[in-house]
Amino acid sequence: MENQVSSPGSFNVRVYGALINEKKQVLVSDEYIRGNYYTKFPGGGLEIGEGTRDCLKREFKEEMDLEVEIGEHLYTTDFYQVSAFNPAHQIVSIYYYAKALEEIKVPLRIKEFDFDEQQMEVYNKTRMTETFRFIDWNDFSADSVTLPIDKIVAGLLKEKFQ
């Protein structure tokens, strides 16, 4: 009989959107979380009872007040990735193409991590805040994003749309 290993951890399922606008720019979220800076694709955590596409629609609505259409599946994590925030969690990330169904209303930044006073007030209360910006296609690469799984997806996007 094989030894069974019990794990105290759990899975953390994340759902992200690759939104590329008509100017061929990629939307990213610049986040300041617990003293660390991250640039990533927009999205967030799957909630119990929620489908992955509904999760992504909800995340865009909550974070950007933006209605989106969720397109084809782009990538699902196919390797072990420990959470940067909780070493007992394994991250499974699912990526879809996303299309804005309306004009973006939130302020878009030009520089990375360009948080305004209100966003810093949120950070001081919650230890996390975010802002959004587009990166021109020619400037976008795996180096544009921070997280290991996002880097793979950035590379896939660049390959697909050379």
Side-chain angles (χ1 to χ4, degrees), residues 10-79 81-86 89-110 112-116 118-135 137 140 142 144-157 160-161:
S10 61
F11 291 99
N12 186 335
V13 180
R14 317 293 294 172
V15 188
Y16 297 105
L19 192 153
I20 303 169
N21 69 11
E22 65 284 344
K23 296 178 187 173
K24 207 166 181 189
Q25 298 170 314
V26 181
L27 183 69
V28 295
S29 172
D30 286 324
E31 300 185 13
Y32 186 36
I33 304 171
R34 299 182 212 150
N36 294 302
Y37 294 94
Y38 303 90
T39 297
K40 61 180 209 51
F41 290 100
L46 183 70
E47 295 179 355
I48 295 292
E50 185 174 52
T52 55
R53 291 171 181 273
D54 288 338
C55 169
L56 190 54
K57 284 182 181 180
R58 175 184 52 76
E59 288 288 344
F60 270 101
K61 189 67 177 169
E62 285 177 3
E63 295 177 359
M64 298 184 71
D65 191 25
L66 182 66
E67 295 289 341
V68 294
E69 176 183 303
I70 306 305
E72 73 178 81
H73 174 261
L74 176 60
Y75 179 76
T76 297
T77 310
D78 58 1
F79 58 94
Q81 179 64 54
V82 67
S83 170
F85 302 107
N86 185 339
H89 287 182
Q90 178 175 343
I91 299 294
V92 176
S93 293
I94 303 166
Y95 295 78
Y96 293 99
Y97 290 100
K99 177 183 172 191
L101 295 177
E102 58 187 343
E103 192 172 317
I104 294 174
K105 300 177 273 291
V106 298
L108 294 171
R109 309 299 179 192
I110 295 170
E112 57 187 285
F113 309 114
D114 187 13
F115 303 109
D116 62 27
Q118 182 182 3
Q119 289 163 326
M120 289 311 296
E121 284 178 23
V122 169
Y123 178 81
N124 290 332
K125 290 177 188 166
T126 65
R127 301 274 293 141
M128 59 179 60
T129 193
E130 68 185 333
T131 193
F132 298 90
R133 65 188 163 96
F134 278 104
I135 300 175
W137 184 253
F140 182 75
S144 302
V145 290
T146 309
L147 302 173
I149 306 168
D150 283 7
K151 289 181 177 296
I152 290 170
V153 172
L156 290 172
L157 284 173
K160 190 164 185 168
F161 296 106

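The first residue of the sequence shown is numbered 1, and numbering continues consecutively from there.
- Counted within 6.0 Å of NZ on K24, heavy atoms from surrounding residues, nucleotides or ligands total more than 12; the atom is thus considered enclosed.
- In terms of modelled atom types and a separation under 3.5 Å, the side chain of K151 and the main chain of A142 share a donor-acceptor contact.
- The two atoms that bring I135 and R133 nearest to each other are CG1-NH1, 3.5 Å, heavy atoms only.
- S29 and E130 get closest at one heavy-atom pair: OG-OE1, 3.1 Å.
- When atom types are taken as modelled, the side chain of R53 and the backbone of G71 share a donor-acceptor pair closer than 3.5 angstrom.
- More than 12 non-hydrogen atoms from other residues, nucleotides or ligands lie less than 6.0 angstrom from NZ of K105.
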- Task: Take L74 and V153, measure what side chain to side chain contact (heavy atoms under 4.5 Å, CB included) needs, and give me the verdict at the end.
- Result: CA-CA 8 Å; L74 176 60; V153 172; 3.5 Å; yes
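- Put simply, CD1 on I33 and OG1 on T126 are 9.5 Å apart, with the number rounded to the nearest 0.5 Å.
- Once rounded to the nearest 0.5 Å, the distance linking OH of Y16 with CG of D150 reads 6.5 Å.
- Taking 4.5 Å as the limit, every side-chain heavy atom of Y32 sits out of range of all side-chain heavy atoms of T131.
- For the residue pair I149 and F79, the shortest heavy atom distance occurs at CG1-CZ, 3.7 Å.
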- Before giving the answer on side chain to side chain contact (heavy atoms under 4.5 Å, CB included), spell out for F85 and R34 the whole-Å C-alpha distance, their side-chain angles and the decisive distance to 0.1 Å. CA-CA 9 Å; F85 302 107; R34 299 182 212 150; 3.6 Å; yes
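- At distances below 3.5 Å, at least one donor-acceptor pair connects side-chain atoms of T129 with backbone N or O atoms of Q119.
- Of the residues listed (E63, E67, E50), the one engaging R58 in a salt bridge (charged side-chain N to carboxylate O under 4.0 Å, His left out) is E50, and it is the only one.
- Heavy-atom neighbours of E102 CD from other residues, nucleotides or ligands within 6.0 Å: above the threshold of 12.
- Rounding to the nearest 0.5 Å places OG1 of T77 at 8.5 Å from CD1 of I91.
- Across all non-hydrogen atoms, the minimal contact from P42 to V28 is CD-CA, 4.4 Å.
- The CZ atom of F11 sits 11.0 Å away from atom NE2 of H89, with the distance rounded to the nearest 0.5 Å.
- Rounded to the nearest 0.5 Å, atoms OG1 (T52) and CD1 (I94) are 5.0 Å apart.
- Smallest separation of non-hydrogen atoms from E103 and L66: O-CD1, 4.1 Å.
- The aromatic rings of Y96 and H73 stand perpendicular to each other, their planes meeting at an angle above 60°, with 30° marking the opposite boundary.
- Using the six-membered ring where Trp is involved, Y95 and F41 have ring planes that are perpendicular, over 60° apart on the 30 and 60° scheme.
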- Task: Would you sort out whether L157 and I20 count as a side chain to side chain contact (heavy atoms under 4.5 Å, CB included), showing the intermediate values?
- Result: CA-CA 10 Å; L157 284 173; I20 303 169; 4.3 Å; yes
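- Ring centroids of F140 and F161 are separated by 6.0 Å or more, keeping the two rings apart.
- Between E59 and K40 no salt bridge is recorded (no basic side-chain N to carboxylate O distance below 4.0 Å).
- Side-chain N or O atoms of Y123 include one that pairs as donor or acceptor with a backbone N or O of G35 at under 3.5 Å.
- The shortest non-hydrogen separation linking G17 to F60 is CA-CE1, 4.2 Å.
- In terms of modelled atom types and a separation under 3.5 Å, the side chain of Q81 and the main chain of V92 share no donor-acceptor contact.
- Atom OG1 in T39 sits 3.5 Å away from atom CZ in F113 (nearest 0.5 Å).
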